[in-house]
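Notes to accompany the following structure.
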Amino acid sequence: MKVATSTRGIVVLIGSMLLVSASAASNIPLATGDAGLSADFHAASCPQLESIVCAAVQAARAVNVQVTAGLLRIFFHDCLPEGCDASILLEPELSTGPNQSLQKNAVDLIEAIRAKVNAACGPTVSCADIIAVATRDAVALAGGPMFAMPLGRTDSLEGADDVSMLPGPDSDVDSLLTIFNSRALSDPADLVALSGGHTVGKASCGFIRNNDQFSQSLVKQCNASPSKKQSLDTITPDVFDNKYFVALKARHGVFVSDQGLADHPRTSSLVTTFAANQTAFFAQFAKSMVNMGSIPGPAGEIRRNCFRPNSRVDMDVGSFGAVADE
């Protein structure tokens with residue numbers, strides 16, 4: 001694994017609060033995977049990238065705070081099958097299996113940001129990098145950690161062939177550990193910390209585990225309003241914090257896959273640590289996001305429309321005599 005250290009801390013102004021990347025502040029080397037990623041990758045080609053993305057995510061959250069959960073799910077679903085390459089935004093992958101329920105406004109936000117970045121810098125930043133930066137900023141805006149995210153990904157030419165490895169709400173912990181290990185995320189801390197992203201998540205009533213008194217009461221309440229979604233963090237559902245783990249310790253997890261983390265011998269001690277120490281959770285979450293974001297995808301391109309490979313964009317221009325991207 002290559003290791004690089006950012007030469008300029010990532011500093012983003014969010015409202016009146018200045019957030020400095022955890023990696024820059026503590027001088028922790030950034031794991032960049034085998035793809036040659038770097039936090040400074042776009043410093044010369046698109047110095048406006050950070051401010052454009054942050055402003056767009058902040059505006060989107062002002063309309064719907066759930067966009068944080070939507071972006072996190074897009075990031076995870078993109079990276080796990082075949083690496084972080086924005087294949088998630090291409091058909092048929094976008095409409096396959098669990099991806100059918102991805103948050104539409106979060107999906108559309110990625111393309112909207114791409115258009116703004118492209119207008120400012122030209123086609124220099126991939127949709128995959130935009131997903132990574134937007135997700136990182138959405139977490140910080142929800143109260144979570146700010147950290148340097150290595151960049152330099154390219155976009156796939158086609159969607160992933162198989163998304164069956166994406167875990168479901170009923171997955172057992174052994175299966176989850178096997179999936180993560182297959183993507184070089186062999187440390188159980190990656191699974192537990194990234195599961196902590198559920199602190200801002202919601203789910204349909206049918207996914208509640210329904211196997212003890214607490215979960216059965218949730219099912220009853222949820223079914224009373226069929227259109228209602230159940231918060232996965234039953235304490236502070238719209239804030240990115242460690243209360244998801246506090247809830248697991250109280251056996252108030254919503255999914256089978258969530259509550260299982262508190263019981264499994266390879267993950268239970270991590271749940272205990274993160275429930276007691278939010279700083280420890282934030283530090284591991286930032287590290288695990290970088291680890292997941294460094295899963296390499298196949299060599300690709302910089303898309304000029306996040307929903308179509310460039311060959312399709314060129315074909316549309318040739319067929320209709322109009323520019324198909326912005």
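Note: Leu191 CG to Asn181 CG = 11.0 Å, rounded to the nearest 0.5 Å. Note that CD of Glu111 is 4.5 Å distant from CG of Asn305, once rounded to the nearest 0.5 Å. Atom CZ in Phe281 sits 7.5 Å away from atom CG in Asn242 (nearest 0.5 Å). Between the CG atom in Asp78 and the CG atom in Asp155 there is a gap of 9.0 Å [rounded to 0.5 Å]. Note that CG of Leu49 is 7.0 Å distant from CD1 of Ile130, once rounded to the nearest 0.5 Å. Atoms CD1 and CG, on Ile295 and Leu80 in that order, are 5.5 Å from each other to the nearest 0.5 Å.
Crowding of Lys287 atom NZ: a count of heavy atoms from other residues, nucleotides or ligands under 6.0 Å not exceeding 12. Other residues, nucleotides and ligands place no more than 12 heavy atoms under 6.0 Å from the CZ atom of Phe207.
Hydrophobic clustering (ILVMFWY, side-chain heavy atoms < 4.5 Å, transitive): Leu232 and Val65 are in distinct clusters. The hydrophobic cluster containing Leu109 also contains Val133, counting ILVMFWY residues as joined when their side-chain heavy atoms lie under 4.5 angstrom apart, directly or transitively. Hydrophobic cluster membership is shared by Ile179 and Ile74, with clusters built from Ile, Leu, Val, Met, Phe, Trp and Tyr side chains linked at under 4.5 angstrom. No continuous path of hydrophobic side-chain contacts links Val246 to Phe282 [ILVMFWY only; heavy atoms under 4.5 Å]. Under the 4.5 Å side-chain heavy-atom criterion for Ile, Leu, Val, Met, Phe, Trp and Tyr, Val254 and Phe274 are members of distinct hydrophobic clusters.
Not one N or O on the side chain of Gln48 forms a donor-acceptor pair closer than 3.5 Å with the backbone of Val117. Formation of a donor-acceptor pair under 3.5 Å by the Arg209 side chain with backbone atoms of Gln259 is not found in this model. Here the side chain of Arg266 pairs no donor or acceptor atom with the backbone of Pro188 at under 3.5 angstrom. Of the possible polar contacts, none joining the Ser225 side chain to the Cys222 backbone as a donor-acceptor pair under 3.5 Å is found. Using a distance-only test at 3.5 Å, with no hydrogens or angles considered, a donor-acceptor pair links the side chain of Ser171 to the main chain of Gly168. Side-chain atoms of Ser126 come within 3.5 Å of backbone atoms of Arg153 as a donor-acceptor pair (strictly under, hydrogens ignored). With Ser87 contributing its side chain and Gly159 its backbone, the two residues share no donor-acceptor pair below 3.5 Å. Under the 3.5 Å distance criterion, the side-chain polar atoms of Asp187 are left unmatched by any main-chain donor or acceptor of Asp190. Formation of a donor-acceptor pair under 3.5 Å by the Asp172 side chain with backbone atoms of Gly260 is not found in this model. Formation of a donor-acceptor pair under 3.5 Å by the Glu158 side chain with backbone atoms of Pro309 is not found in this model.
Results of the side chain to side chain donor-acceptor pair (under 3.5 Å) test with Ser156 over Glu93, Glu301, Arg303 single out Arg303 as the only residue that passes. Of the candidates Arg61, Gln103, Arg73, Arg61 is the only one forming a side chain to side chain contact (heavy atoms under 4.5 Å, CB included) with Thr68. Of the residues Gln230, Lys229, Lys228, the one that meets the side chain to side chain donor-acceptor pair (under 3.5 Å) test with Ser204 is Lys229.
Val200 is listed as a side-chain neighbour of Leu72, based on a closest heavy-atom distance under 4.5 Å. Annotation: side chain of Thr124 is not in contact with side chain of Ile302 (no heavy-atom distance under 4.5 Å). Counting only heavy atoms from C-beta outward, the side chains of Met292 and Phe75 approach each other to under 4.5 Å. Taking 4.5 Å as the limit, every side-chain heavy atom of Val256 sits out of range of all side-chain heavy atoms of Pro169. Looking at Asn211 and Gln216, their side chains never come closer than 4.5 Å, going by heavy atoms from C-beta outward. Side-chain contact check for Ile235 versus Asp241: every heavy-atom pair is 4.5 Å or farther apart.
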Evaluation steps, side chain to side chain donor-acceptor pair (under 3.5 Å), between Ser288 and Asn291: CA-CA 5 Å; Ser288 296; Asn291 289 344; 4.8 Å; no
Side chain to side chain donor-acceptor pair (under 3.5 Å) evaluation trace for Ser38 with Asp40: CA-CA 5 Å; Ser38 166; Asp40 291 334; 4.8 Å; no
Intermediate values then yes/no, side chain to side chain contact (heavy atoms under 4.5 Å, CB included), Cys84 and Ile131: CA-CA 9 Å; Cys84 306; Ile131 292 172; over 6 Å; no
Criterion side chain to side chain donor-acceptor pair (under 3.5 Å) on His264 and Asp174, from CA distance to verdict: CA-CA 8 Å; His264 196 278; Asp174 283 326; 2.8 Å; yes
Full working for side chain to side chain donor-acceptor pair (under 3.5 Å) between Asp258 and Ser195: CA-CA 7 Å; Asp258 289 333; Ser195 295; 5.3 Å; no
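Look at Asp233 and Lys243 and you find no salt bridge, because none of the NZ, NE, NH1 or NH2 atoms lies under 4.0 Å from a carboxylate O.
Arg136 and Ala148 get closest at one heavy-atom pair: NH1-CA, 4.1 Å. Residue Ala132 comes nearest to Met149 through the heavy atom pair CB-CG, 3.9 Å, listed as atom of the first residue, atom of the second, then distance.
The six-membered or imidazole ring of Phe285 lies near that of Phe240, with a centre-to-centre distance under 6.0 Å.
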